[in-house]
Amino acid sequence: MKFEIYAKEPNSKARAGELTTDHGKIQTPIFMPVGTVGSVKGVNQRDLIEDVKAQIILGNTYHLYLRPGMETMQMAGGLHQFINWDRPILTDSGGYQVFSLADNRKLKEDGAHFSSHIDGSKHIFTPENIVDIQRKIGADIIMAFDECTPYPCDYDYAKKSMQLTHRWLERGLKRFDETEPLYGHKQTFFPIVQGSVFKDLRIESAKTIASHDRDGYAIGGLSVGEPVEDMYDMIEVVNEILPEDKPRYLMGVGTPVNILEGIARGIDMFDCVMPTRNGRNGMLFTKNGIINIKNVKWKNDFSAIEEDGASFVDTKFSKAYLRHLIMSKEILGAQIASLHNLSFYLWLVGEARQRILDGSFYNWKNVMVQKLAVRL
RNA sequence: GGGGAGAUACCAAAGUGGCCAACUGGGGCAGACUGUAAAUCUGCUGGCGCACGCCUUCGUAGGUUCGAAUCCUGCUCUCCCCA
């Protein structure tokens with residue numbers, strides 16, 4: 001996988017680049033919509049391409065492994081074929097589920113022993129079989145199996161957790177390098193930095209991860225409840241160490257402000273459920289701030305969702321109508337809100353990219369950060 | 001015309017002498033949501049101070065009682081069955 005940096009913005013660490021995969025190019029910085037079970041919830045593939053302008057989407061190893069299962073996945077010819085998406089896909093390894101489904105699993109040296117949240121059946125994920133599963137899914141970018149360290153957590157736990165992630169990385173890399181893709185297109189493997197909110201651990205982890213020459217690197221274990229300043233600090237610390245000429249993926253982040261601050265600190269790739277999940281729950285992100293469309297003040301506001309918004313839904317429908325749909329729990333409401341939010345996120349990173357290319361990113365970012373956090 | 005049942009907060013519906021400003025559900029209002037067990041979850045929902053408290057409420061007018069949404073009487077209204 002090739003990564004080319006076209007411009008670096010002089011007043012920050014921001015970079016604009018291009019990532020080339022066998023399923024096409026990705027303009028960075030980029031936001032990747034989350035499609036956990038092979039579906040970006042509420043948004044079909046055509047709208048994802050034509051309206052949202054998504055360049056790459058996520059799938060999730062844990063979820064796809066449990067359902068529909070790898071037999072179906074292989075019979076389909078991999079996830080791209082299965083969901084009819086011919087652009088790049090990244091799969092998360094299930095490391096996050098080790099965190100979010102903590103009640104259903106036990107971590108051991110060999111891997112994570114867990115019960116399915118669907119039917120309670122018992123399974124084991126190891127760094128090796130997670131690679132095998134991701135081979136079967138066939139994502140362009142596959143992730144190392146890690147422990148997404150919970151927050152808060154004490155130093156000793158964070159250190160042990162990080163070390164486990166490192167040992168698992170060695171095993172995952174070995175399996176990856178010993179195996180081949182199944183569907184004729186190349187796959188690449190991203191290691192993940194951990195270390196919670198402890199600078200020395202983050203430094204150690206970044207160095208360990210960077211010692212492996214891979215196509216890109218991820219920063220995990222953030223946006224799990226820690227103060228946002230801690231998150232920014234950790235990004236700065238880690239990005240001092242990760243190779244400059246490789247893409248950096250900040251996993252699970254975040255709010256529009258988080259994304260701009262991440263870009264300013266040298267992050268190239270983001271993913272987050274926020275635009276879709278919060279959208280379904282009535283939160284809209286716009287250039288001028290956040291709208292809780294459920295608030296009664298929008299009840300009779302027949303103005304466009306966003307006058308100069310990036311999605312066709314923005315001027316097609318009014319706030320009052322969208323509020324009505326969301327209040328009525330209509331599926332269409334969730335769809336419109338998701339389209340709006342995703343389009344906005346993709347607009348945001350696209351605009352950031354342009355600003356980096358023309359050198360105006362830093363000032364623009366500072367203005368935007370103020371506006372984006374406003375509650376409308 | 002005869003017989004029966006019932007009227008509780010925005011709606012539905014518990015409560016049948018003190019633990020009732022009143023269960024619960026819906027609706028409404030507000031908040032949360034960051035590598036998706038989420039079209040989910042939480043709080044509030046008579047008034048005022050909003051902690052303690054105080055005031056006004058269970059169709060309506062009276063009555064019994066230390067005390068009533070709960071018991072008694074009149075009135076008004078609604079529903080069901082038989083003619």
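Letters A, B, ... are given to chains in the order of the sequence lines, protein chains preceding strands, and every chain is numbered from 1.
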For A/M327 and B/G27, give me the distance from atom CE to atom P, rounded to whole Å.
9 Å
Does either side chain, that of A/Q194 or that of A/D146, offer a donor lying less than 3.5 Å from an acceptor on the other one?
yes
So A/N258, base contact, sugar-phosphate only, or nothing? Heavy-atom distance under 4.0 Å.
base
Between C1' on B/C33 and CD on A/E226, what's the gap in Å once rounded to a whole number?
15 Å
What's the closest nucleotide to the A/N60 side chain, out of B/U36, B/A32, B/U34?
B/U36
Name every donor-acceptor pair, under 3.5 Å, that has one atom in a side chain of residues 342-349 of chain A and the other anywhere in the protein, sequence neighbours excluded.
| residue | atom | partner | partner atom | Å |
| --- | --- | --- | --- | --- |
| A/S343 | OG | A/L339 | O | 2.8 |
| A/Y345 | OH | A/G254 | O | 2.8 |

Could you state the CE-P distance from A/M283 to B/U34, rounded to the nearest angstrom?
11 Å
Could you check whether A/R323 gets within reach of a base, just the sugar-phosphate, or nothing at all, counting any heavy atom under 4.0 Å?
sugar-phosphate
Rounded to the nearest 0.5 Å, what separates atom CG in A/L19 from atom CG in A/D215?
8.0 Å
I need the residues from residues 227-247 of chain A with at least one non-hydrogen atom less than 4.0 Å from RNA chain B; give them sorted by number, or say none.
none
Under 4.0 Å, heavy atoms only, any strand: does A/Q194 hit a base, just the sugar-phosphate, or nothing?
base
Per-nucleotide protein contact string for nucleotides 37-44 of chain B (B base, S sugar-phosphate only, - none; heavy atom under 4.0 Å)
BBBB----
May I ask which nucleotide in the shown strands pairs with B/A83, Watson-Crick or G-U wobble, both distances under 3.5 Å?
none
Distance in angstrom units between A/I290 CD1 and B/A30 P, rounded:
16 Å
Check every strand shown and say whether A/V34 touches a base, only sugar-phosphate, or nothing at a heavy-atom separation below 4.0 Å.
base
